[in-house]
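All chains are named by letter (A, B, ...) in the order of the sequence lines, taking the proteins before the strands, and each is independently numbered beginning at 1. Since we're looking at a predicted model, the values are computed, not measured.
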Amino acid sequence: MRPLKVKMMQYNHQEIEKKWQEFWAENQTFKASNSSHLPKYYVLDMFPYPSGAGLHVGHPLGYIASDIYARYKRHKGFNVLHPQGYDSFGLPAEQYAIQTGQHPAQTTEENIKTYRKQLDKIGFSFDWDREVRTSNPEYYKWTQWIFIQLFNSWYNKDSNKAEDISTLISLFEKQGNANINAVCDENILPFSAEEWHQFSDSKKQAVLLQYRLTFLSDTEVNWCPALGTVLANDEIINGVSERGGHPVIRKKMTQWSMRISAYAQRLLDGLSTIDWPQPLKDSQTNWIGRSQGAMVSFKVIEPTTINHQPKTIEVFTTRPDTIFGVSFMTLAPEHELVSKITTDEQKAAVENYIEATAKRSERERMADVKTISGVFTGAYAEHPFTKKPIPIWIGDYVLAGYGTGAVMAVPCGDQRDYDFAKQFGIEIPNIFENVDISEAAHADKEGTVIANSDFLSGLSYKKALQKAIEVLEENGFGYGKVNYRLRDAVFSRQRYWGEPFPVYYKDGMPQMIDEKYLPIVLPEVEKYLPTEDGKPPLGNAEVWAWCTKTNSIVDNSKIDNATVFPLELNTMPGWAGSSWYFNRYMDAKNPTEFASKEALNYWKEVDLYIGGSEHATGHLLYARFWQKFLFDRGFVPVDEFAKKLINQGMILGTSAFVYRLIIECILDDKTTENKEIFISEATYKEIKKFNELSIEKNIDEDILSNINSDKEYLKDEIESTLIEVLALENKILEKININFSEIQNIHADVSLVNSSEELDVHRFKEWRKDFENGIFLSNQLGWTENNHSYTVGREVEKMSKSKYNVVNPDDIVAEYGADALRLFEMFLGPLEQTKPWKTSGISGVYSFLKKLWKLYFNGDQFEVSDENPTSEELKTLHKTIKKVEEDIENFSFNTSVSTFMIAVNELTALQCNKRSILEPLLILLSPYAPHITEELWSKLGHTNSISTAEFPKFEPKYLVESTKIYPISFNGKMRFTIELSLDLSKEEIEKAVMSNEKTIVQLEGKTPKNVIIVPGKIVNIVG
RNA sequence: GCUGAAGUGGUGGAAUUGGUAGACACGCUGGACUUAAAAUCCAGUGAGCAGUAAUGUUCGUGCGGGUUCAAGUCCCGCCUUCAGUACCA
């Protein structure tokens, strides 16, 4: 047996952390109660997806910050809700299932176990009793339930909120739809009350679907025929699928959508009521994209020969003041009127163009801004005021999905219209006073005066805008309108691993399954791929039909479309489950409601939400939308779910590099052999410089000859090393050839590098067998086998497996402990900032913990004294209390770690071992380093967890100073300091300073022009 | 292009209202302990110049201006990096 020489009372993080983690679990220390006389505080982390790769040190950053805050709030007397769970539906598990056949539920379960193990090691104060998983039927039952509520709701613009669909039906019954102010589909045909009564059931359903907050619609999607699925924009690269490189086309498909556009204005307005980061608010504002302008109708001029129905083109414009500058119109190629108005002569050209654009993905179309393309339809529209004919073009710079998919082109005022007009030789009338438009369009609004515009001439932008809308409305040519960029959100996915819809189809119309039969549980399938005829994976399920008699899921063979109907084959998208989970945590196990009224009214909303900024326009917008909907319908008490939000920054990896040159060696027997030489970063940079300079032309003769001599020197050094190396193999080197331009940098695993940036060459060669015969040269070009060390190069990059820079928190916890990890993650820098990880820095916080530990010991003996503290000890304690409290309130966790270090350094210097100092110090530190503080707390004789202790109270009296060390500046430059009493008046200070001999020396006999004195701060003598 | 954030020693960063720039760490250098290494402890550490030294002095917070007794901090104009977004009519 190995003799144990570990002293009993050394800081043993492994033992301590295990002990307290078990203690917290057994005693349910962090269980939150739904009824308490204490004020509530709800701290939440953004929902993690349990990926197979597990956590790296970047992931827990936000969790540590929120945990510190949660623990702090407990010390401050709050009843804290700090839950955690998993957004466990998702693509990776499904992809894995497709590859291996393993059920996604199984991989998800395994991944969650790994995640939980990793999280537990870091000592978080989560209330695990409230854990939720989106893929758990007990949970998604309520996701389905919310979907049904959305289906059964419409948006009443008069009351400005969502209402039950029954209120809409009763309006239809009384008055038809003519005067209903609702958010609904476009192109709804008007009907009267009598007509409504005469509609068939399915006709009524079809009409209602146009008003429901979740509805079926034909939406353009990116369809990949080879993969049999719809792809998201980010899964397509250069028009082909990211996976496999298959072509992607745009195709109309019937999909569930969410009428989020109904909430556009309220989502915008709500931003001013919540404390979220400005950049995040800005990107939501941007995404919602409110613009104010007018709708204008243009009549299509019909060829006289054919008796067509009159057609109009509706356009949205933010510049109705420029209406007299319109010289053409452009429709999106997908615009429904295109086929109806195109003349026979232009038909072929138009069809070709449409086909060509359909092949391009939307993303590609948007990325390619430079190419101007379009085709004339042959048709003309009539200008509402001048009655002049305006040519109608189609062009792919007009997007079908925004506004009406058509624009009135004003080339003098819009650069895209200008470019289009130039390209196709369309006239560019100038409607601005004294503005030159021969080179570019004039888009400025301020200070512009309209000209050549009939009743608008001579008006400023603002006045013209108002007047234009007025006249449009008077004549019935248009009306003022607010438009939003925000589009309704597609809610269907052709995937297996997601929430099934509680929907079956009767006569092609969707029917909701009654709430009492939820959840509709995901069926088993043989294969997780789409079916051969292109149906989503659920099309493979054999038992996936709804029996309206038994109200249960039955075998597909029983489908008769009389009592047994097919169920929906799509599943819900990833954001469904995460749009309301924060409410479920309030009452996570409730089987009869998504959360009880009592729980919802007690916890109300999240007080602090921490997560990444990548969710700015996805999750965080959808969740706000659902919350507002649930609020409208009276299911939740507040309409914003998170009061305060903080985006934590990303932690980047510090990659390590080795630099390889391949040298051709010619031996004395004329055979050649290639040797791999690894040179240091310094040499690599030099060679890079050679390479860059040699590309440059007109290079200075001197520099060139310098480079050449440097190259020769390097070559000689390498050659002499190679002679030695080859001699060991009994070979004689005659000559070497080096191609400097073929130098390569290669990632080395960061775990093979020590804190002095030296590579463990031996282990590196074991790790990369292909470099086994590589020769490593040090900075001085010496050979590493001769006791030289090899220094790696460093670069900051995203953490990723392929860059070998991933650091696993488990390894850090094993070596330094969770407390050190927590402190170090906070110590790295401001929470919101992106910052690089470098493991070597952790030794600083680790030795801090050891120093802290030592304060409580005399040798091996735990020993604190009950003596009264000195004023200096009290000063250290109280300035620490003040700073740490301020820092936590400001989420400035990095600076409080420094504060702790300063406190421990000072107390060590004072040899302080007073209980009255050391006990409160532990409470201050416990949110950051909960394990070591629990251990010392219990050694101090406490039997309760430190997490319940009251936060120490700051007493300003201990910080009162009687003197100040004044910095004395001359012309703003600090020269020396003088210690003076703080009681002195300005005059007394001036007297003391001016009579000081150092001042006299500085002044060299001159009389100062001015002496600035700020008592308690500074003295500045101006000469 | 637009929007946002940020540029401070060799490195991460600190300086909360304009008032001693570089706290606290990492790294590095030197020393103590050790057979040795690790660990630990002590001292030094922005750059330049002068001096054996104590010390003195100049420069210094991306660049150029400005306001002020005093600017990392405020104002004007640029540059660079990162992130998000992208023909939005």
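- Relative orientation of the Tyr846(A) and Tyr11(A) rings is tilted, given thresholds of 30° and 60° on the angle between their planes.
- Here the separation of U17(B) from C75(B), taken at their P atoms, is 14 Å to the nearest Å.
- The partner of C33(B), taking Watson-Crick or G-U wobble pairs whose two distances both stay under 3.5 Å, does not exist in any strand shown.
- Phe328(A) has its side chain out of reach of Phe424(A): every pair of non-hydrogen atoms, C-beta onward, lies at least 4.5 Å apart.
- Remark: G1(B) base-pairs with U85(B). Criterion, Watson-Crick or G-U wobble with two distances under 3.5 Å.
- Side-chain proximity of Lys851(A) to C69(B), A89(B), C41(B): nearest is C41(B).
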Dump the intermediate steps for salt bridge (Lys or Arg N to Asp or Glu O under 4.0 Å) on Lys986(A) and Glu990(A), then the final yes or no.
CA-CA 6 Å; Lys986(A) 266 194 181 187; Glu990(A) 178 163 357; over 6 Å; no
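- More than 12 heavy atoms of other residues, nucleotides or ligands sit less than 6.0 Å from atom NZ of Lys803(A).
- Separating the C1' atom of U40(B) from that of G51(B) is a span of 37 Å, rounded to the nearest Å.
- Judged by distance alone, the side chain of Lys998(A) and the main-chain N or O of Asn996(A) form no donor-acceptor pair under 3.5 Å.
- Proximity of Asn894(A) to the phosphate of A14(B): a side-chain N or O atom is located under 4.0 Å from OP1 or OP2.
- Base engagement by Ile965(A) is indicated by at least one non-hydrogen atom pair under 4.0 Å involving a base atom.
- Protein atom CD of Glu795(A) is 15 Å distant from nucleotide atom C1' of C82(B), rounded to whole Å.
- In the set C24(B), U20(B), U40(B), the nucleotide with an atom closest to the side chain of Lys854(A) is U40(B).
- Nucleotides U68(B) and C76(B) have their C1' atoms positioned 16 Å apart, rounded to a whole Å.
- At the heavy-atom level, Phe827(A) lies under 4.0 Å from base atoms of the strands shown.
- Taking 4.0 angstrom as the limit, Arg975(A) places a side-chain polar atom (N or O) nearer than this to OP1 or OP2 of U58(B).
- Which of A89(B), G27(B), G19(B) sits closest to the side chain of Val1014(A) comes down to G19(B).
- With a 3.5 Å ceiling on both atom-pair distances, G9(B) lacks any Watson-Crick or G-U wobble partner.
- Nucleotide U55(B) forms a Watson-Crick or G-U wobble pair with A50(B), both donor-acceptor distances falling under 3.5 Å.
- Closest to the side chain of Pro830(A), out of A89(B), G13(B), A15(B), is G13(B).
- Taking every side-chain heavy atom of Asn1020(A) into account, A70(B) is the closest of U20(B), A70(B), C24(B).
- A straight line from CE of Met650(A) to P of A83(B) spans 7 Å, rounded to a whole angstrom.
- Using a 4.0 Å heavy-atom criterion, one finds that Ser756(A) contacts the sugar-phosphate atoms exclusively.
- RNA chain B is contacted by both Asn905(A) and Gly405(A); Asn905(A) maps to the nucleotide lying nearer its 5′ end (nearest heavy atom per residue).
- Spacing of P atoms, G77(B) relative to G22(B), comes out at 32 Å, to the nearest Å.
- Across all strands shown, C28(B) is found opposite G44(B) as a Watson-Crick or G-U wobble partner, with both distances under 3.5 Å.
- Here Lys850(A) reaches the OP1 or OP2 of U40(B): one of its side-chain N or O atoms lies under 4.0 Å away.
- Using Watson-Crick or G-U wobble geometry with both donor-acceptor distances under 3.5 Å, C69(B) finds its partner in G19(B).
- Of the listed nucleotides (U16(B), C26(B), C69(B)), C26(B) has the atom at the smallest distance from the side chain of Ser843(A).
- For the P atoms, the distance from G31(B) to A37(B) is 12 Å, rounded to whole Å.
- Atom CH2 in Trp837(A) sits about 18 Å away from atom P in A25(B), given to the nearest Å.
- Listed for the Gln415(A) side chain is a donor-acceptor partner under 3.5 Å among the backbone atoms of Ala441(A).
- Taking atom C1' on both nucleotides, U16(B) is separated from A89(B) by 46 Å, rounded to a whole Å.
- One finds no side-chain N or O of Gln1002(A) lying less than 4.0 angstrom from the OP1 or OP2 phosphate oxygen of G56(B).
- As judged by a 4.0 angstrom heavy-atom cut-off over every strand, Glu757(A) is placed among residues making no nucleic acid contact.
- Of the candidate nucleotides A14(B), C87(B), C26(B), A14(B) has the atom lying nearest to any side-chain atom of Thr895(A).
- Distance alone, capped at 3.5 Å, places no donor-acceptor pair between the Asp396(A) side chain and the Thr357(A) backbone.
- Taking OG1 of Thr880(A) as the reference point, atom CZ of Phe900(A) lies at 8.0 Å (rounded to 0.5 Å).
- OP1 or OP2 of C88(B) has not a single side-chain nitrogen or oxygen of Thr318(A) nearer than 4.0 Å.
- The gap from the P atom of A23(B) to that of G13(B) amounts to 15 Å, rounded to the nearest Å.
- Nucleotide C69(B) holds its P atom 16 Å from the CD1 atom of Ile1021(A), rounded to whole Å.
- Checking the phosphate oxygens (OP1, OP2) of A89(B), a side-chain nitrogen or oxygen of Ser291(A) falls inside 4.0 Å.
- If you check every strand for non-hydrogen atoms under 4.0 Å, Ser283(A) touches nothing.
- Comparing A89(B), U57(B), G19(B) against the side chain of Val398(A) picks out A89(B) as the nearest.
- In this structure, A39(B) forms no base pair with any nucleotide, since neither Watson-Crick nor G-U wobble geometry is met with both distances under 3.5 Å.
- Base-pair partner of C78(B): G62(B) (Watson-Crick or G-U wobble, both distances under 3.5 Å).
- Closest to the side chain of Met974(A), out of A23(B), A86(B), A21(B), is A21(B).
- Separating the NZ atom of Lys1017(A) from the C1' atom of A15(B) is a distance of 13 Å, rounded to the nearest angstrom.
- Here the nucleotide nearest the side chain of Tyr402(A), chosen from G13(B), C88(B), C24(B), is C88(B).
- One P atom belongs to C42(B), the other to G65(B), and the distance between them is 46 Å to the nearest Å.
- Along RNA chain B, the nucleotide nearest to Thr404(A) and the one nearest to Lys964(A) differ in position, and the one closer to the 5' end is contacted by Lys964(A).
- Here Leu645(A) contributes atom CG and Lys281(A) contributes atom NZ; the two are 10.5 Å apart, rounded to the nearest 0.5 Å.
- At a cut-off of 3.5 angstrom, the base of U16(B) holds at least one donor-acceptor pair with the side chain of Lys883(A).
- Atom CG of Asn971(A) and atom P of C69(B) are 12 Å apart (whole Å).
- Nucleic acid contact for Ser755(A): sugar-phosphate only, since backbone atoms but no base atoms lie under 4.0 Å from a heavy atom of the residue.
- Considering CD of Gln284(A) and CD1 of Ile288(A), their distance stands at 6.0 Å, rounded to 0.5 Å.
- Between Leu828(A) atom CG and A14(B) atom P there is a gap of 11 Å when expressed in whole angstrom units.
- Rounding to whole angstrom units, CG of residue Asn286(A) and P of G84(B) are separated by 14 Å.
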